[in-house]
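Following: one structure in structure tokens, then a few remarks.
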Amino acid sequence: MTVCLLLLSVVALMAAVPVPRALVRSAWPEREPVVALWVWQCLVATVLLCCLTALVLGAAAVFHTFRDHVFAPAPPAVTAAYDLTAAPAWSAALTLLLACGAAWTTAMLARELVEARRHRGQTRAHLRERAPELPAGLEEAARGPLLVLEDEYPDAWWMPGHPPQLVVTTGALHRLTDHQLDAVLTHERDHARAHHDWLLHLSSALATGFPRIPLFAHFCEQTHRLVELAADDTASRRCGHLTTALALIELNQHRGVLSCASSHRLLGERVDRLLEPPPRLGRRRRALTTTVAALVPLLPLLIAFAPGLTALG
């Protein structure tokens, strides 16, 4: 079991520190944001699985009752292969640390979900106050998939929930052409289709709970960036790069998106990327990257089950 714990620790450290830093410095994620999002998720899954499997093995070594439950269906040879009775002294401290980390992760995820639900409820209440009053019998239309707000500033966003709604201001309807409005709607629908809100909540919860771990900090930062690039790509493939860029400028011009002193640096980068789209990766390289990333989270499981599988063999 000692070898398993050491290997799990090495894999977790590699996936949590040097790999994320190398990925942030790479240029290819900007060319393939969807693939990059998948790679980040696989890295996070790898670290979490390393911690979970190490916690189970450590708890089985420290607590006899837990060991009996975990290895109850296994033959005696499999239990003997893990050599749980000869666990090192530091395994108890590691198990306690991992248990605290698991509890803290659960608490952060629960807090993020509660905060998101509360914020969504407040936003819906605020939108109901801003929405124009409809004639009798048309109140249900305000709870439909599209909500139009009276506002001189152009804006549009997708609000998740039950039911999800696409919110568009009258300023956007007046300033955007039909093709530009179609690009905006396609962009927002892609956020909803890919459930980007759940990905953003997960990354925010992990970054809040473990701000000093490079993987979680970079995961949060890159997720907020990559989901926008991915939605831009979907809109540009349907409506054209120039149309999508012009729609983005019209929606954000009043915020100073093109100003050199703008704090919305991502908006400027998105416009530049749409006006000069980078070449995509080849199909073979995309498939290879996706496959390798999907196989990486299997490493913790392979390490954890290797002694048992060897004993059975």
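Nothing fancy with the numbering, it's 1 onward along the sequence.
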### Query
Within a reach of under 6.0 Å around CZ of Phe66, are more than 12 heavy atoms found that belong to other residues, nucleotides or ligands?
yes
### Query
Relative to each other, are the rings of His196 and His191 parallel, tilted or perpendicular (30° and 60° limits)?
perpendicular
#### Entry: Validation row: Leu251, Leu176 side chains within 4.5 angstrom (heavy atoms)
yes
### Query
Within the distance-only criterion (no hydrogens, no angle test), does the side chain of Thr169 pair as donor or acceptor with the backbone N or O of Tyr153 below 3.5 angstrom?
yes
### Message
Keeping Thr53 on the side-chain end and Cys50 on the backbone end, is there a donor-acceptor pair under 3.5 Å?
### Response
yes
### Message
Between Thr289 (side chain only) and Arg286 (backbone N and O only), is there a donor and an acceptor less than 3.5 Å apart?
### Response
no
### Task
Kindly say whether Trp158 contributes a backbone atom to a donor-acceptor pair with the side chain of Glu188 at under 3.5 angstrom?
yes
### Query
Does Gln41 use its side chain to pair, donor to acceptor, with the backbone of Leu37 at less than 3.5 Å?
yes
### Message
Is the shortest side-chain heavy-atom distance between Val168 and Leu149 below 4.5 Å?
### Response
no
### Check: His201 main-chain N/O paired with Ser204 side-chain donor or acceptor under 3.5 Å
no
### Task
Taking only Lys NZ, Arg NE, NH1 and NH2, and the carboxylate oxygens of Asp or Glu, determine whether Arg120 and Asp197 approach each other closer than 4.0 Å.
no
### Task
Evaluate the side-chain proximity of Tyr82 to Leu57: yes if any heavy-atom separation is below 4.5 Å, no if none is.
yes
### Message
To the closest 0.5 Å, what do you measure between OG (Ser91) and CG (Leu96)?
### Response
11.5 Å
### Summary
Test side-chain hydrogen bond (donor to acceptor under 3.5 Å, both in side chains), reference Glu115, set Arg118, Arg111, Arg117, output is Arg118
### Message
Please check this pair: side chain of Thr95 against backbone of Leu55, looking for a donor-acceptor N/O pair closer than 3.5 Å.
### Response
no
### Message
A quick test of your reading: do over 12 heavy atoms of other residues, nucleotides or ligands sit less than 6.0 Å from CD of Gln122?
### Response
yes
### Message
Looking at Asp182 and Arg238, is there a salt bridge between them, counting it only when a charged N and a carboxylate O are closer than 4.0 Å?
### Response
yes
### Task
Taking the side chain as every heavy atom from C-beta outward, state whether Trp40 and Leu23 have any atom pair closer than 4.5 Å.
yes
### Query
Given the rule in the side chain to side chain donor-acceptor pair (under 3.5 Å) test, do Thr234 and Asp190 qualify, once you have shown the distances and angles that lead to the verdict?
CA-CA 7 Å; Thr234 301; Asp190 187 70; 3.1 Å; yes
### Task
Using a strict 4.0 Å threshold on nitrogen-to-oxygen distance, state whether Glu30 and Arg225 make a salt bridge.
yes
### Message
Treating Arg31 as the side-chain partner and Pro279 as the backbone partner, does any N or O pair qualify as donor plus acceptor under 3.5 Å?
### Response
yes
### Task
State the OG1-CZ distance between Thr244 and Arg237, to the nearest 0.5 angstrom.
10.5 Å
### Within 6.0 Å of CH2 in Trp28, more than 12 heavy atoms from elsewhere
yes
### Message
Can you confirm whether Val271 sits close enough to Leu275 that some side-chain heavy atom of one is under 4.5 Å from a side-chain heavy atom of the other?
### Response
yes
### Summary
When rounded to the nearest 0.5 Å, the distance separating NE2 of His195 from CG of Leu202 is 14.5 Å
### Crowding at CE, Met108 (>12 non-hydrogen neighbours, <6.0 Å)
yes
### Close side-chain approach of Pro29 to Gln222, heavy-atom, < 4.5 Å
no
### Query
More than 12 foreign heavy atoms under 6.0 Å from CH2 of Trp104: is that the case here?
no
